[in-house]
Colleague: 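One structure is given below, represented as structure tokens, and several questions about it will come after.
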Amino acid sequence: MTVRVGLTGGIASGKSTVSAILAELGAVVIDADAIAREVVAQGTSGLEAVVAEFGPGLLTPGGDLDRPAMGALVFADAGARKRLEAIIHPLVHRRSAELEAAADADAVVVHDIPLLAEVGRAGSFDAVMVVDAPTEVRVARMVGDRGWTREEAESRIAAQASREERLSIATHVVDNTGSLDDLRRRVEDVYAELAARA
């Protein structure tokens, strides 16, 4: 039996690292962010819909979606973010369902969804893994690793669900405040438990 897992975590929590470890361990990982890029690639109906809604000013000279410009717009304007999500979320959901249907019957299928708490779909999974790190740790990572200002980091965190909201949907919490080895051990433990149910 397929075990469906929702994986989430706030920005700079280490969710992408956990996703990569799960894939190494044998999980079928369906990455919502990667699919969100795919559904608005050049020549797609998704990109056409975004341009129709927001105008051609959000395209690069080469005709691709200008992701930094789009990000700056939607993180500053909740109404714009909702309009963008109304276009992209149904497309991502449909593509995710196609990829899941192609997985083996006894697979652990991990849906890597950064905004799982925000979109209210946690109940549709057999388990929910939340990668967790305190806000201060995440801010320090964004400033140190990504070169963001403290204000940019705090603004991006504020635009997402709170740490408490994410933890409230978790069936498994993966703490990411230690070393990479600590993180890997915790992910291996959770994966072993999930795989035993498949």
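Keep in mind it's a predicted model, so treat the numbers as computed, not measured.
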Colleague: Any chance you could measure L115, atom CG, to T8, atom OG1, to the nearest 0.5 Å?
Modeller: 7.0 Å
Colleague: How about H93: does its NE2 atom have over 12 heavy atoms from other parts shown lying under 6.0 Å from it?
Modeller: no
Colleague: Could you tell me whether E136 and R150 make a salt bridge, using a distance below 4.0 angstrom between a side-chain N and a carboxylate O?
Modeller: yes
Colleague: Show the numbers, then the answer: is there a side-chain contact (heavy atoms from CB on, under 4.5 Å) between L22 and V187?
Modeller: CA-CA 7 Å; L22 287 165; V187 175; 3.7 Å; yes
Colleague: So which heavy atom on V130 is nearest to which on A170, and how close?
Modeller: CG2-CB, 3.5 Å
Colleague: Answer yes if V119 and I35 sit in the same cluster of Ile, Leu, Val, Met, Phe, Trp and Tyr residues linked by side chain heavy atoms under 4.5 Å apart, and no otherwise.
Modeller: no
Colleague: Identify the heavy atoms of D31 and D33 that sit nearest to each other, and give their distance.
Modeller: OD1-N, 2.9 Å
Colleague: Less than 4.0 angstrom from a charged side-chain N to a carboxylate O is my criterion; do R81 and E118 meet it?
Modeller: no
Colleague: With a 3.5 Å cut-off and sequence neighbours excluded, list the donor-acceptor pairs that the side chains of residues 105-112 form with protein atoms.
Modeller:
| unit_1 | atom_1 | unit_2 | atom_2 | d |
| --- | --- | --- | --- | --- |
| H111 | NE2 | E100 | OE1 | 2.6 |
| D112 | OD1 | K15 | NZ | 2.6 |
| D112 | OD2 | K15 | NZ | 3.4 |
| D112 | OD2 | S19 | OG | 3.0 |

Colleague: Please say yes or no: joined through hydrophobic side-chain contacts below 4.5 Å, possibly via intermediate residues, are V29 and V128 part of one cluster?
Modeller: no
Colleague: If you compare all heavy atoms of G14 against all heavy atoms of V131, which two are closest, and at what distance to 0.1 Å?
Modeller: C-CG1, 3.9 Å
Colleague: Taking all atoms of both residues into account, what is the closest heavy-atom pair of A80 and F54, and its distance?
Modeller: O-CZ, 3.5 Å
Colleague: Less than 4.5 Å apart, any side-chain heavy atom of V5 and any of H172?
Modeller: no
Colleague: Before giving the answer on side-chain contact (heavy atoms from CB on, under 4.5 Å), spell out for M70 and V40 the whole-Å C-alpha distance, their side-chain angles and the decisive distance to 0.1 Å.
Modeller: CA-CA 12 Å; M70 186 87 242; V40 292; over 6 Å; no
Colleague: Can you tell if the side chain of R138 reaches within under 4.5 Å of the side chain of E154, non-hydrogen atoms only?
Modeller: no
Colleague: Any donor-acceptor pair under 3.5 Å linking the side-chain atoms of D175 with those of T177?
Modeller: yes
Colleague: For L65, does its backbone N or O pair with a side-chain atom of T60 as donor and acceptor, under 3.5 Å?
Modeller: no
Colleague: Just wondering, do R121 and H89 contact through their side chains at under 4.5 Å, heavy atoms?
Modeller: no
Colleague: Please determine if D181 and R184 form a salt bridge, counting it only when a charged side-chain N lies under 4.0 Å from a carboxylate O.
Modeller: no
Colleague: State the OG1-CD1 distance between T135 and I11, to the nearest 0.5 angstrom.
Modeller: 12.0 Å
Colleague: With hydrophobic residues grouped by side-chain heavy-atom distances under 4.5 Å, do F75 and M142 end up in a single group?
Modeller: no
Colleague: How long is the straight-line distance from CD1 of I88 back to CG of L84, given to the nearest 0.5 Å?
Modeller: 4.0 Å
Colleague: Given salt bridge (Lys or Arg N to Asp or Glu O under 4.0 Å), test R185 with D182 step by step and report yes or no.
Modeller: CA-CA 5 Å; R185 276 192 294 274; D182 294 335; 2.6 Å; yes
Colleague: Enter the distance from L58:CG to L73:CG here, rounded to the nearest 0.5 Å.
Modeller: 6.0 Å
Colleague: Run the side-chain contact (heavy atoms from CB on, under 4.5 Å) test on L59 and L47 for me, step by step, so that the C-alpha distance in whole Å, both residues' side-chain angles and the decisive distance to 0.1 Å come before the verdict.
Modeller: CA-CA 9 Å; L59 292 176; L47 183 59; 3.9 Å; yes
Colleague: How many angstroms lie between atom CG of L116 and atom CD1 of I169, to the nearest 0.5 angstrom?
Modeller: 4.0 Å
Colleague: Could you tell me if the side chain of T171 sits less than 4.5 Å from the side chain of F125, heavy atoms only?
Modeller: no
Colleague: Would L194 end up clustered with V18 when hydrophobic side chains under 4.5 Å apart are linked, directly or stepwise?
Modeller: yes
Colleague: What's the verdict on side-chain contact (heavy atoms from CB on, under 4.5 Å) for N176 and R141, showing C-alpha distance, side-chain angles and the deciding distance?
Modeller: CA-CA 12 Å; N176 188 20; R141 287 175 182 163; 3.6 Å; yes
Colleague: At their closest point, which heavy atom of S13 faces which heavy atom of G10, and how far apart are they?
Modeller: OG-O, 2.8 Å
Colleague: Considering all heavy atoms of both residues, which atom of E85 and which atom of P90 are nearest to each other, and what is their separation?
Modeller: O-CD, 3.7 Å
Colleague: Is it true that a side-chain atom of E53 and a backbone atom of R83 form a donor plus acceptor pair closer than 3.5 Å?
Modeller: no
Colleague: Salt bridge check, E98 against R95: does any charged N sit closer than 4.0 Å to a carboxylate O?
Modeller: yes
Colleague: Roughly how far apart are D126 CG and R4 CZ, rounded to 0.5 Å?
Modeller: 7.0 Å
Colleague: Flag yes if V190 and L7 sit in one hydrophobic cluster, no otherwise; membership is Ile, Leu, Val, Met, Phe, Trp, Tyr, and two members link when side-chain heavy atoms are under 4.5 Å apart.
Modeller: yes
Colleague: When you compare the side chain of V39 with that of T44, does any pair of heavy atoms fall below 4.5 Å?
Modeller: no
Colleague: Got a donor-acceptor contact below 3.5 angstrom from the R166 side chain to the D132 backbone?
Modeller: no
